[in-house]
Amino acid sequence: MERVTVRVSGRSYQVIVGSGVLERADELVPAFPAATQAFVVTDRTVHDAWFPPLAAAFDRVGLHAVALLVPAGEEAKTLDVYRALLHQLATQEAHRDDPILALGGGSTGDLAGFVAATYMRGTPFVQVPTTLTAQVDASIGGKTAVNLPEGKNLVGAFHQPSVVLSEITTLASLPDRDFRAGLAEVAKYALTIDVELLAQLERDPSAVLARDPVVLERLVTRCVAAKAGEVAEDERDTGRRLVLNYGHTLGHALERLDAFAGRSHGEAIAAGMVFAARLSEAHGVGEDGLTARTLRLLSSLGLEPEGPMPPAEDLLHAFQLDKKFRDGVRFVLLEDTGRPRIVDDVPPDEVRRVLHEMGAPV
Ligand SMILES: NC(=O)c1ccc[n+]([C@@H]2O[C@H](COP(=O)([O-])OP(=O)(O)OC[C@H]3O[C@@H](n4cnc5c(N)ncnc54)[C@H](O)[C@@H]3O)[C@@H](O)[C@H]2O)c1
Ligand SMILES: [Zn+2]
């Protein structure tokens, strides 16, 4: 079992990573002395596999666990589901000292976190992430949100959890595509922040792909530490945390133009990381060979950043809409692996050229 401390504005919390942490939730979560119930937001699949042991653990400390079922995946992140959860909490007499738990992937976490941020002006929140994406990324950092028809994550709040329990054995049942999506975020940390992790992945990707629990425990812990470092420096996501957006400028644009139907988030940011590497080289900030190395890494992790590219002009337009970049387009580039640099002055023609090289029609 590994622990990583996340430090945010005068407070800190632990991310506990390992096999068997979920069953030991009673020992690992902080005491909630005034609580009588624990509300567990989860979908049907995850509930059936993991709610019973979690509820048993809470029972041992006198907390009655109540499951609140929500749709699986992105469909949970709507104002309708959010409102339904608020009503259920109110009718079940949830008190502001009762913790709300997210048991599931990043969608469940984003939704439950937003409920916890707002119900009675904020209740304690516990993350129990069960996908690789949620364990290495979504459960850490306190960003919560639901979507609007107009766009993703448009309504939300910052609300840090009291603790994150990352149960490694949950990853065994994850569908391949979801597992690979998480690996794309892992590759992001390896390329931008943790070059030792990069070396490990390059040496032996097969142990990761085989989902060896010991290897995954170490992998998740390293990624959590990488994200925790960025979050500590920039809790409110104004500067340094942009590094976590590596590969996401093109990634988000592809997702938007695919109308969220084509590439998975992981596939989209895999293409985005290839684009960022190419642009780094083209713009003269990146070491030669960065693109080749990125492609080798992604391919060894089962991520083939292929698929049709939308027209370059549509992509450029989508970059402008990205909510992070109010004044022009800003890219996270790499001088070399582990050396990210934020660049504001990439001429549109240079961007166009790289997009064309990647197959985007004029
Ligand atoms: N808040 C943040 O900082 C942050 C960061 C990254 C991503 N996100 C958000 O996370 C969401 C994506 O999350 P995700 O990739 O975890 O997927 P998800 O939560 O959308 O979907 C997960 C799917 O996998 C299933 N599942 C979950 N755990 C499982 C398990 N152990 N075994 C088998 N099936 C399981 C679920 O039933 C569901 O169908 C997006 O909405 C994204 O915006 C948020
Ligand atoms: Zn991402």
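Read the numbers this way: they start at 1 and go in the same order the structure lists the ligands and their atoms.
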**OP:** Heavy-atom contacts with K143 under 4.0 Å: which atoms of ligand 1 show up? List them by number with element.
**Re:** 1 (N), 3 (O)
Original post:
How far is atom 37 (O) of ligand 1 from its nearest protein heavy atom, and which residue and atom is that?
Top reply: D43 OD2, 2.8 Å
Subject >> Nearest neighbour in protein (non-hydrogen) for atom 34 (N) of ligand 1 >> reply: P175 CD, 3.9 Å
Original post:
By atom name, which N, O or S atom of E185 is the nearest to the Zn ion (ligand 2)?
Top reply: OE2
Original post:
Under a 4.0 Å heavy-atom limit, does K77 contact ligand 1 with its side chain, its backbone, both, or neither?
Top reply: side chain
Subject >> For atom 6 (C) of ligand 1, closest protein heavy-atom neighbour >> reply: D137 OD2, 3.5 Å
Original post:
Relative to the ring of F51, is the ring of H47 parallel (under 30°), tilted (30 to 60°) or perpendicular (over 60°)?
Top reply: parallel
**OP:** Tell me which part of T130 gets within contact of ligand 1: side chain, backbone, both or neither, using heavy atoms under 4.0 Å.
**Re:** both
**OP:** Report the distance from atom CD of E2 to atom CD1 of I16, rounding to the nearest 0.5 Å.
**Re:** 11.5 Å
**OP:** Could you tell me whether D110 approaches ligand 1 through its side chain, its backbone, both or neither, with non-hydrogen atoms closer than 4.0 Å?
**Re:** side chain
Original post:
Between R353 and D349, is the closest basic N to carboxylate O distance under 4.0 Å?
Top reply: no
Original post:
Can K152 be said to touch ligand 1, with heavy atoms closer than 4.0 Å?
Top reply: yes
Original post:
Hey, which atoms in ligand 1 end up nearer than 4.0 Å to a heavy atom of E74?
Top reply: 20 (O), 40 (C), 41 (O)
**OP:** Give, for atom CG of L216 and atom OG1 of T221, the distance between the pair rounded to the nearest 0.5 Å.
**Re:** 10.0 Å
**OP:** Would you give the length of the straight line joining atom CG of L303 to atom CE of M273, rounded to the nearest 0.5 angstrom?
**Re:** 7.0 Å
Subject >> Ring geometry between F319 and F275 (parallel below 30°, tilted from 30 to 60°, perpendicular above 60°) >> reply: tilted
Subject >> Sidechain-backbone polar pair: S12 side chain, T5 backbone, donor-acceptor under 3.5 Å >> reply: no
Original post:
Any ion pair linking E267 and R263 (charged N to carboxylate O, less than 4.0 Å)?
Top reply: no
Original post:
Where is the tightest heavy-atom contact between T123 and H159, given as atom of each residue plus distance?
Top reply: O-NE2, 2.8 Å
**OP:** Flag atom 42 (C) of ligand 1 as yes if some protein heavy-atom distance to it falls below 4.0 Å, otherwise no.
**Re:** yes
Original post:
Does the protein put a heavy atom less than 4.0 Å from atom 30 (C) of ligand 1?
Top reply: yes
**OP:** Test L54 against L101 for side chain to side chain contact (heavy atoms under 4.5 Å, CB included), laying out the working first.
**Re:** CA-CA 10 Å; L54 188 63; L101 283 76; 3.9 Å; yes
Original post:
Which distance, rounded to the nearest 0.5 Å, do you find between the CD1 of I168 and the CZ of R218?
Top reply: 11.5 Å
Original post:
Can you name the nearest heavy-atom pair linking L298 to V274, along with the distance?
Top reply: CD1-CG2, 3.7 Å
Original post:
Among T131, D178, L132, whose heavy atom sits nearest atom 27 (C) of ligand 1?
Top reply: T131
**OP:** Output yes when a side-chain donor or acceptor of N147 lies under 3.5 Å from a complementary backbone atom of T78, and no otherwise.
**Re:** no
Original post:
Of all the non-hydrogen atoms in the protein, which one sits nearest to atom 35 (C) of ligand 1, and at what distance?
Top reply: L174 CD1, 3.8 Å
Subject >> Identity and separation of the nearest protein heavy atom to atom 21 (O) of ligand 1 >> reply: G73 CA, 3.6 Å
Original post:
Which protein heavy atom lies closest to atom 18 (P) of ligand 1, and at what distance to 0.1 Å?
Top reply: S107 OG, 3.4 Å
Original post:
For atom 7 (C) of ligand 1, which protein heavy atom lies nearest, and how many Å away is it?
Top reply: A138 CB, 3.8 Å
Original post:
For ligand 1, is any non-hydrogen atom under 4.0 Å from V46's backbone (N, CA, C, O), its side chain (CB onward), both, or neither?
Top reply: side chain
**OP:** Show which atoms of ligand 1 fall inside a sub-4.0 Å distance from at least one heavy-atom site of S173.
**Re:** 30 (C), 31 (N), 32 (N), 33 (C)
**OP:** Just need the protein heavy atom nearest to atom 17 (O) of ligand 1, so name the residue and atom and give the distance.
**Re:** G106 N, 4.2 Å
Original post:
With a 4.0 Å cut-off on heavy atoms, is K227 touching ligand 1?
Top reply: yes
